[in-house]
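Accompanying notes for the structure given below.
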Amino acid sequence: MTNNQPARVRYAPSPTGFFHVGGARTALYDYLLAKKTGGSFIIRIEDTDQKRYNPDSVRDLLDSLRYLGLDWDEGAEVGGDYGPYTQTERLDIYQKYSQQILDSGHAYRCFCSSERLAKVNEDRQKAKLNPGYDRFCRNIPPAEAERRAAAGEAFVLRIKIPLEGSVTGYDAIRGDITVANAVLNDAVLVKSNGIPTYHFAVVIDDHLMKITHIMRGEEWLGSFPIHVHLYNFLGFEMPVFAHLPVILNPAGKGKMSKRETRAPDGSVYPVFVHTFKELGYLPEALVNYLALLGWSYDGQTEIMSRQELIERFSLERVNASPASFNYDKLNNFNGIYIRQLSVEDLTDRLLPYLQADGINAKRDTLLKITPMIRERLTLLTDAADWVDFFFVDDLPDFDLNLLTPKKMSLQDVPGILQKAKEALSGIEFTHNELDAHLRQAAKELGIKAGQMFQPIRVAVCGKKVAPPIFGTLEALGKETTLKRLDLALEKLQNS
RNA sequence: GUCCCCGUCGUCUAGUGGUCAGGACACAGCCCUUUCAAGGCUGUGACACGGGUUCGAGUCCCGUCGGGGGCACCA
């Protein structure tokens with residue numbers, strides 16, 4: 001395998017649904033290999049299935065790729081020298097090759113109806129045979145087939161797999177893969193509507209676009225031998241193939257779903273890239289995690305920048321065994337990446353998420369809060385619960401019992417809040433001042449600092465768990481703090 | 001059913017004939033502490049099984065079992 005030549009690597013999705021993590025990993029590996037070798041990363045749209053075509057999926061794909069930062073050098077929207085990059089715009093090209101393979105005798109016209117095909121399959125099932133085509137039309141004399149086609153009879157083009165012998169193809173991850181021709185089907189190359197199937201179009205396009213490395217899901221391993229035959233029949237040179245292991249679901253049982261379902265409580269196991277974005281995953285964390293799902297650098301180093309990933313990636317270290325998706329680990333990565341962000345960067349990334357949650361956060365204020373919550377976030381969407389009380393005029397109602405400090409009772413609370421008010425009213429709201437006076441107040445009351453802080457925190461934040469108290473009060477300001485203390489006192493009196 | 005692929009802690013993995021089988025997530029305990037985190041330390045935990053080959057096997061071979069994927073005029 002030549003790793004020093006600039007590689008031309010393509011990601012070639014079919015636009016039938018939203019872009020999911022499996023596709024994202026494949027695209028990532030494509031990207032990494034292309035960049036590592038100084039080559040090109042190409043996006044080609046394989047839309048030969050008109051029935052399942054979904055126009056939204058191309059938009060979703062391209063947006064998701066950009067979110068992940070996997071910018072492509074050639075293909076959809078950006079063009080290039082090997083276009084068009086959408087298969088339905090290349091029909092005339094496939095036409096030429098279908099004539100060629102027909103003429104060479106490696107393919108034949110099949111006039112069987114889908115009804116007959118269904119029946120054949122049924123019979124074969126009953127006879128305990130493998131499902132597949134019975135090659136009924138394989139031996140129709142070419143001249144007769146030509147006549148019937150000219151007369152307007154519908155037909156498909158099928159590959160003429162040799163009846164004996166075997167094929168072997170080289171897979172960069174597993175080595176040689178050999179299969180007996182006898183178990184292969186005469187797969188359809190061109191459908192009766194004149195549009196090629198994946199098998200045919202992919203081989204032609206990869207050849208014409210001078211693709212050097214083909215990475216695709218392991219689910220293609222089964223048709224790999226057919227593709228090898230196609231390369232031979234068409235006289236094309238074989239690129240390097242690498243079938244990536246499937247991604248298993250978190251339970252490790254079965255492959256990861258391509259559809260996400262929402263639990264009754266609204267929670268999801270995201271599988272679409274756009275959902276990861278909505279939930280507040282950082283693209284760099286997702287990229288890093290995905291890179292490690294089936295590949296490793298040294299078994300030691302895990303957190304790697306995009307540049308390091310590019311430099312270190314290699315096909316040789318891609319694993320052959322399936323890997324199950326671990327959300328815990330992804331979350332851990334996300335937290336690490338969040339903590340690596342500068343205050344300004346994190347603040348700016350947080351703003352749109354807070355807005356989406358209906359929180360009208362002011363950037364200036366948030367800038368003061370971000371350092372306090374940075375190490376507490378797993379997802380960007382977690383921020384809302386940490387900061388919402390900073391940006392409301394009136395705190396929503398909360399359970400007054402939350403005010404009770406450890407090992408004390410609700411009756412003790414008014415005294416503590418009263419004391420806090422006194423301690424705070426005359427001072428400057430800076431971290432050090434707050435710290436000194438509040439601790440002193442606790443001392444005077446003969447209670448622990450924690451017992452002093454908890455009622456204040458709840459009165460001011462409306463919740464038990466909140467950012468560190470001094471910073472919170474500082475960001476909130478004296479006026480709001482005292483107002484909320486009064487309000488809590490008032491509520492206690494009326495309860 | 002048949003073909004193909006795969007098989008190291010619960011999960012992701014390192015390992016390429018001689019290692020106390022290493023790391024990460026998760027989990028547990030301790031430390032730190034102002035709630036919650038983050039951080040530090042420690043711990044629990046694996047070579048699917050059975051045969052070979054070899055002085056020596058997680059590493060090589062065979063079988064069994066287990067898991068996954070394919071077997072469309074879908075990709």
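Worth knowing before you read on, the calculation uses all heavy atoms, side chains too, and leaves out hydrogens, waters and symmetry mates. Protein chains get the first letters and strands the later ones, always in sequence-line order, with residue 1 at the start of each.
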What does rG66(B) pair with, Watson-Crick or G-U, if both distances are under 3.5 Å? rC6(B)

Under 3.5 Å, is there an N or O donor on one side and an acceptor on the other linking the side chain of Asp298(A) and the base of rG23(B)? no

Arg439(A), nearest nucleotide to its side chain (from rU34(B), rC74(B), rC36(B)): rU34(B)

What is the distance, to the nearest angstrom, from the CZ atom on Phe224(A) to the P atom on rC4(B)? 15 Å

Counting side-chain heavy atoms from CB outward, which of rU13(B), rU35(B), rC6(B) is closest to Ala323(A)? rU13(B)

Does rU16(B) have a Watson-Crick or wobble partner in any strand here, with both distances under 3.5 angstrom, and which is it? none

Which part of the nucleic acid does Asn331(A) contact within heavy-atom distance under 4.0 Å: base, sugar-phosphate only, or nothing? nothing

At under 4.0 Å, does any side-chain N or O of Lys255(A) touch on OP1 or OP2 of rG70(B)? yes

Begin from the C-alpha positions of Asn121(A) and Tyr133(A) and carry the test side chain to side chain donor-acceptor pair (under 3.5 Å) through to its verdict. CA-CA 7 Å; Asn121(A) 251 331; Tyr133(A) 179 53; over 6 Å; no

Would you list the pairs meeting ring-ring contact (aromatic ring centres under 6.0 Å, His included) in which at least one residue belongs to residues 441-469 of chain A, sequence neighbours left out? Phe453(A)-Phe470(A)

Compute the centroid of each ring, for Trp295(A) and then for Tyr29(A), and state whether the two points are separated by less than 6.0 Å. no

So does Ser296(A) get a side-chain nitrogen or oxygen closer than 4.0 Å to the phosphate oxygens (OP1/OP2) of rA14(B)? yes

Counting Watson-Crick and G-U wobble pairs only, both distances under 3.5 Å, name the nucleotide matched with rC27(B), or none. rG43(B)

Please report, rounded to the nearest Å, how far the P atom of rA72(B) is from the CG atom of Leu117(A). 10 Å

What nucleotide, of rC74(B), rU34(B), rC6(B), holds the atom closest to the side chain of Ala320(A)? rC6(B)

If you look at every strand shown and take non-hydrogen atoms under 4.0 Å, does Asn332(A) touch a base, only sugar-phosphate, or nothing? sugar-phosphate

Counterpart base for rC32(B), defined by Watson-Crick or G-U wobble contacts under 3.5 Å: none

Of Asn130(A) and Ile173(A), the one whose nearest nucleotide on RNA chain B sits closer to the 5' end is Asn130(A)

If I take atom CD in residue Glu302(A) and atom P in nucleotide rG22(B), what distance separates them, rounded to the nearest angstrom? 16 Å

Residue matched to rU54(B) through Watson-Crick or wobble contacts both under 3.5 angstrom: none

Could you give the CG-to-P distance, from Asn319(A) to rG23(B), as a whole number of Å? 19 Å

Look at the side chain of Ser192(A) and the base of rC73(B), then say whether one donor and one acceptor between them are separated by less than 3.5 Å. yes

Which part of the nucleic acid, if any, lies within contact of Pro13(A), taking any heavy atom under 4.0 Å across all strands shown: a base, the sugar-phosphate backbone alone, or nothing? nothing

Does the separation of the ring centres of Tyr269(A) and Tyr327(A) fall below 6.0 angstrom? yes

For nucleotides 39-46 of chain B, which of its nitrogen or oxygen atoms have a protein nitrogen or oxygen under 3.5 Å away, and what is each distance?
residue: rG39(B); atom: OP1; partner: Arg339(A); partner atom: NH1; Å: 3.2

Separation of atom CD in Gln454(A) from atom P in rU35(B), rounded to whole Å: 8 Å

Of the candidate nucleotides rC6(B), rC5(B), rA24(B), which contains the atom at the shortest distance from the side chain of Ser321(A)? rC6(B)

Which part of the nucleic acid, if any, lies within reach of Pro468(A) when heavy atoms closer than 4.0 Å are counted: base, sugar-phosphate only, or nothing? base

Leu293(A) has its side chain closest, among rC12(B), rA75(B), rA24(B), to rC12(B)

Do Tyr198(A) and Asp49(A) have side-chain N/O donor and acceptor atoms under 3.5 Å apart? no

Winner on side-chain proximity to Leu221(A), out of rC5(B), rC6(B), rG23(B), is rC5(B)

Using the test side-chain hydrogen bond (donor to acceptor under 3.5 Å, both in side chains), find all partners of Asn288(A) that sit at least two apart in sequence or belong to another chain. Tyr337(A)

Below 4.0 Å: OP1/OP2 of rC73(B) and any side-chain N or O of Arg158(A): yes

Per atom distances to the Arg317(A) side chain, the nearest of rC6(B), rU34(B), rA14(B) is rA14(B)

Nucleotide of rA72(B), rU34(B), rC6(B) approaching Phe470(A) most closely (side-chain heavy atoms): rU34(B)

side-chain contact (heavy atoms from CB on, under 4.5 Å) partner of Ile416(A), the single match among Gln454(A), Gln451(A), Met408(A): Met408(A)

Tell me whether the side-chain N/O atoms of Thr48(A) come closer than 4.0 Å to OP1 or OP2 in rA75(B). yes

Return no unless some side-chain N or O of Lys191(A) is found under 4.0 Å from OP1 or OP2 of rA75(B). yes

By nearest heavy atom, map Pro250(A) and His431(A) onto RNA chain B; which one lands nearer the 5' end? Pro250(A)

Minimum-distance nucleotide to Pro131(A) side chain [options: rC71(B), rU35(B), rC5(B)]: rC71(B)

Atom pair distance, as rounded to whole Å: NE2 in His199(A) and C1' in rG70(B): 10 Å

Can you tell me the Watson-Crick or wobble partner of rG1(B), both distances under 3.5 angstrom? rC71(B)

Out of rA24(B), rC36(B), rC74(B), which has the shortest distance to the side chain of Thr197(A)? rC74(B)

For Lys51(A) and rC74(B), is the shortest distance between a side-chain N/O and OP1 or OP2 below 4.0 Å? yes

Please confirm whether any donor atom in the side chain of Arg174(A) sits under 3.5 Å from an acceptor in the base of rC5(B), or the reverse. no

